Structure formats: C-alpha cells, structure tokens
Amino acid sequence: FFPCISSLCAILGVVHHDCDDDGETAAGTRLAEMLRLMHVEDVAVIVSRWFGGILLGPDRFKFICNSARDLLEEHGYGKSADQKKQKKKK
C-alpha cells in the first residue's frame, strides 16, 4: 500500500501546495504538478497503489496521474471527457 498525496488549497489568499510520496518516489510530486497544470484548487488527491508483484517501472506515474485526472474530471475539475470529444470533432 503506497499512498501518494497531493493537495492545493487557498486560505485567506495564500496558496498552500504540498505533497507526500510515502515510498512511491516522485509520485506525489507528479500529482502536485498535475493539479497545478489543471488549475485545480481546494482539493486533496490521494492515490494508493497495491504492489501485486509486478514491477511497473516508470509507467506507474502514468497510471497514478491518469487515475487522479479521471476522478477530478468526473467531478467537474479540468476538461471533461465530453469537452475532449467535442474538441476532437472540430
């Protein structure tokens, strides 16, 4: 169980931005950067990964960030899947 935690919130006009990898080196930092690039505020994202014996290598970052991004978009943060589809049709 490796939780990756990243949060970005503004309190009284001061932005607080922090992350923790808890053993999954650089994953929290990548989540934090994704939140910044998506302009997502006032959320905390926690992704946990169970090690099932298969080493994922660098692809683990893709899976961690994609899981977080999908959840954020599902709840109205960032571009939604519908917006992406409409943009591709143009």
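No experiment lies behind these values; they were computed from the predicted model shown.
Looking at every heavy atom in both residues, Ala68 comes nearest to Val47 through CB-CG2, 4.1 Å.
Partners of Arg60 according to the salt bridge (charged side-chain N to carboxylate O under 4.0 Å, His left out) rule, which considers only residues two or more places apart in sequence or in another chain, are Glu24.
With hydrophobic clusters built from ILVMFWY side chains whose heavy atoms lie under 4.5 angstrom apart, Val43 shares a cluster with Ile64. No continuous path of ILVMFWY side-chain contacts below 4.5 Å connects Leu35 to Phe61, so the two sit in separate hydrophobic clusters.
Atom CG in Leu71 sits 12.5 Å away from atom CG in Asn66 (nearest 0.5 Å).
No salt bridge links Glu33 with Arg30; every basic N to acidic carboxylate O contact stays at or beyond 4.0 Å.
Residues Met34 and Leu72 form a side-chain contact, since some pair of their non-hydrogen atoms from C-beta on lies under 4.5 Å apart.
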